[in-house]
Amino acid sequence: MEKKTKKKYTETEIKQALTFVEIFEKKDEIDCKGCGYDTCRDFAAAMLEGKETPSKCVELSKKVIDKLKRKEKELRESLFLNQEILDAVPAPIIYEDKEGKAIGCNKAYEDIAGIKRFDIKDKKLPEYSDNKVYNELNDKLNASLLKNPGKQVVETVVKYPGGDDITIELHKAVFTDREGRTAGFVSILFDITERVKQNKELAVAKNTAELSVSLLKKMPSGFVIVDDSLIIIESNTAFARLMGEDVAIIEEINQGLKGADLRAVFPHHIIFSTIIESGEEFYSKDIEVNNKKIKISLFTIEKNKTAGAILLDLSIPDVKNEEVRKRAEEVIRENLDTVQKIAYLLGENASKTENVLSSVIRLLSDNEKK
Ligand code: SF4
């Protein structure tokens, strides 16, 4: 039996009531009778009388269900896309709730932890990791971040499922809900094993280089190292003395003559240009400087970039000269190895560090936007 309303309402009142069931135009009044009334207008009048509520409109319910389905689909697609993006990141990422229970992770984290994301969901780290040091560190960071939300960066060691130890830089930050309240933590792990190893090698190489230079400076024979523009990188007092009194005075002020132009102090500078341009390993000849006979032995330190030389004053007794020359050549050769190693390490390290830093900036910037 059709439901009826008693009161009459104005057109404006009916139109307003119809908006509650999302009927905004005449064409939307489909009069399907699903609500038990002959027309949508009768239903609107019943709502104005307080006899019905919008939820009784079958068409509105359908619209709401359609909207919810569309939203759910969008949400699923968005979550899928987010997971795809996370999986494309080569650094392991895990995100946990405020209690430290895992919400999800990316493919790289699955690989490093040797576990699937579905197996860690809602679990705390100690439930799937036996690395006590890392687990305790994670707990401490969580507690600290809850007190002071922001970011923390720490270095630690973790194990691959295969058993290899790797040094990681753990970047941890909080993420928030819509109201801006802390909702959990996101961790990004950067493998810095190679960087740490290279830094150690670099430190050893630097020490060796410094020791070698310090030994060279104390030699009775002259030594000098120049770059491809013939600018002096390093030299010793003996070299300055061989170059004459004026140069020796300058060397007292500018020890090692660093930055000085070799052309201004050494008349045979052309032999340095020759060895740098040719890239030849070793070259030796006798020359005369300030009326002194000198044996100069040149070495390539970095091909076409840096060369060094040992200068022996041949007025020193022969036996002593020979001993000094041999020792000096030995030291130069050691120094050559060290300097070449440093150049390689500096180049490699700089490029790797740049890559890692770029990733960190990108990832942390992404995290901040979420
Ligand atoms: S169910 Fe909704 S659309 Fe159908 S007649 Fe009632 S008010 Fe109009």
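Residue numbers count from 1 along this sequence. Counting starts at 1 for both ligands and their atoms, following the listed order. The analysis underlying the following values was restricted to heavy atoms, covering all of them including side chains, and did not include hydrogens, waters or symmetry mates. Computed from a prediction, not measured in an experiment: that's the story for all the values here.
Put simply, the side chain of V265 reaches to within 4.5 Å of the side chain of I232, judged on heavy atoms.
Ion pairing of E22 with K67 is present here, as a side-chain N (NZ or NE/NH1/NH2) and a carboxylate O approach within less than 4.0 Å. Using a 4.0 Å cut-off between charged side-chain N and carboxylate O, R117 and D87 make a salt bridge. A salt bridge links E29 with K26: the closest approach of a Lys/Arg side-chain nitrogen to an acidic carboxylate oxygen falls below 4.0 angstrom.
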field: Criterion salt bridge (charged side-chain N to carboxylate O under 4.0 Å, His left out) on E234 and K258, from CA distance to verdict
entry: CA-CA 6 Å; E234 193 62 83; K258 287 173 190 159; 3.5 Å; yes

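Evaluation of the side-chain contact (heavy atoms from CB on, under 4.5 Å) rule for K285 yields I271, Y283, I287, I296 as partners, not counting sequence neighbours.
Protein nitrogen, oxygen and sulfur atoms, that is N, O or S, within less than 2.8 Å of atom 6 (Fe) of ligand 1 amount to 1.
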